[in-house]
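This chain uses plain numbering: 1 for the first residue, then up along the sequence. Worth knowing before you read on, the calculation uses all heavy atoms, side chains too, and leaves out hydrogens, waters and symmetry mates.
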Amino acid sequence: MAKQERAIRTRRSVLVAASELFNEVGYEAATIGALLERVELTRGGLYFHFATKEQLARAVLDEAVTLEGLQPQAFKLQEWVDIALLLAHRVPREPLLQASVRLSVDPLSRGLFGTRWPDWVTVGQRLLDEAKEKGELLPHVDTAETSRLLVGAWTGVLLITEVMPDCTLPEEISSLYELILPSVATSGVLARLDTSPYRAERLLAAMDPSAVHGVGAE
């Protein structure tokens, strides 16, 4: 059991190191040699977990769709909001999630491995479908279209905030929802949704208070 747990930790550390490398130099320029300089493994030890750079990239993408921090809410529409806010908080802090976005927007790696955007669209549409069944959405809302547009807008906002130092991703995603929600939510539900840029910190802190510090106040 201890050996298995050690192997799991080693695999995770390799994925994180590979993610940091992809973030710094991109997929094409990343090399196994450069990765070995970052991890305490022999080439054979690395190949035990990942035989090629392509396998590493696919493994990073497999980690992209994560619902960590998401908790059941009175409104399914709030859960739809929470997913995007949680990602906005986590992506700048977690190299692996950041690399999954890098691989998705890079033309070379996207052509080789595809993206997990369709999976995110499916996750969002499922929540929106449930919200519609509960009467939380306006009658005209197309859940597939709304989920697809949100995923595209979220990705675009991320790329913009990276080159605009006065913006933070949680603040911008919060603003994005302030624009979108009046067009999709019923008035009674809209008034009760929390789109605060600090909401993700509070959700994560509720799961593990020691893991989050300096939770902002509205």
Side-chain angles (χ1 to χ4, degrees), residues 1-71 82-124 151-152 154-159 161-163 168-170 173 200-201 203-205 207-208 210-213:
M1 182 63 71
K3 185 176 181 180
Q4 183 180 13
E5 291 177 353
R6 185 166 59 251
I8 292 172
R9 289 196 301 270
T10 299
R11 183 182 187 278
R12 188 72 178 182
S13 67
V14 170
L15 273 182
V16 171
S19 297
E20 292 172 343
L21 187 60
F22 291 150
N23 288 331
E24 291 171 19
V25 303
Y27 173 78
E28 187 172 12
T31 64
I32 293 297
L35 178 59
L36 287 171
E37 294 177 0
R38 296 171 180 244
V39 295
E40 296 179 0
L41 286 176
T42 63
R43 189 172 291 267
L46 175 63
Y47 287 162
F48 173 79
H49 296 280
F50 302 100
T52 65
K53 184 173 71 169
E54 290 81 1
Q55 284 188 4
L56 278 164
R58 292 184 187 278
V60 169
L61 284 170
D62 286 343
E63 299 280 338
V65 183
T66 167
L67 302 182
E68 181 178 338
L70 186 65
Q71 302 167 30
D82 287 348
I83 289 176
L85 291 174
L86 284 162
L87 284 175
H89 176 79
R90 292 177 59 199
V91 166
R93 293 167 172 80
E94 299 183 27
L96 202 154
L97 288 180
Q98 198 171 34
S100 72
V101 177
R102 289 283 167 277
L103 292 171
S104 295
V105 299
D106 175 73
L108 173 63
S109 58
R110 187 170 67 240
L112 291 171
F113 315 119
T115 77
R116 295 300 179 269
W117 287 328
D119 299 319
W120 276 120
V121 172
T122 298
V123 168
V151 171
W154 193 102
T155 305
V157 168
L158 168 65
L159 298 177
T161 57
E162 290 181 340
V163 297
T168 71
L169 188 55
I173 295 301
E201 292 181 82
L203 290 171
L204 293 169
M207 294 177 58
D208 182 5
S210 65
V212 181
H213 303 281

Please report the interatomic distance [atom1]([X]) to [atom2]([Y]), rounded to the nearest 0.5 Å.
| X | Y | atom1 | atom2 | result |
| --- | --- | --- | --- | --- |
| Thr161 | Ile173 | OG1 | CD1 | 7.5 Å |
| Arg102 | Leu61 | CZ | CG | 13.0 Å |
| Arg12 | Ser19 | CZ | OG | 8.0 Å |
| Ile8 | Ser13 | CD1 | OG | 12.0 Å |
| Thr10 | Arg6 | OG1 | CZ | 7.5 Å |
| Arg116 | Trp120 | CZ | CH2 | 12.0 Å |

Does the side chain of [Y] come within less than 4.5 Å of [X]'s, by heavy atoms?
| X | Y | result |
| --- | --- | --- |
| Leu15 | Phe50 | yes |
| Gln98 | Phe22 | no |
| Tyr27 | Leu112 | yes |
| Leu35 | Lys53 | no |
| Leu56 | Val14 | yes |
| Leu97 | Val101 | no |
| Glu54 | Phe113 | yes |
| Leu169 | His89 | no |

Grab the two heavy atoms, one from [X] and one from [Y], that are nearest each other, plus how far apart they are.
| X | Y | value |
| --- | --- | --- |
| Gly69 | Leu86 | C-CD1, 3.5 Å |
| Val39 | Ala17 | CG1-CB, 3.6 Å |
| Gln71 | Leu203 | NE2-O, 2.9 Å |
| Ala34 | Leu21 | CB-CD2, 4.0 Å |

Salt bridge between Glu63 and Arg90, side-chain N to carboxylate O under 4.0 Å? no

Whether the side chain of Thr115 engages the backbone of Ser104 through a donor-acceptor N/O pair (distance < 3.5 Å, no angle test) should be reported.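 Judged by distance alone, no pair lies under 3.5 Å.
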
Take Val123 and Leu67 through the test side-chain contact (heavy atoms from CB on, under 4.5 Å) and record every step on the way to the result. CA-CA 10 Å; Val123 168; Leu67 302 182; 4.1 Å; yes

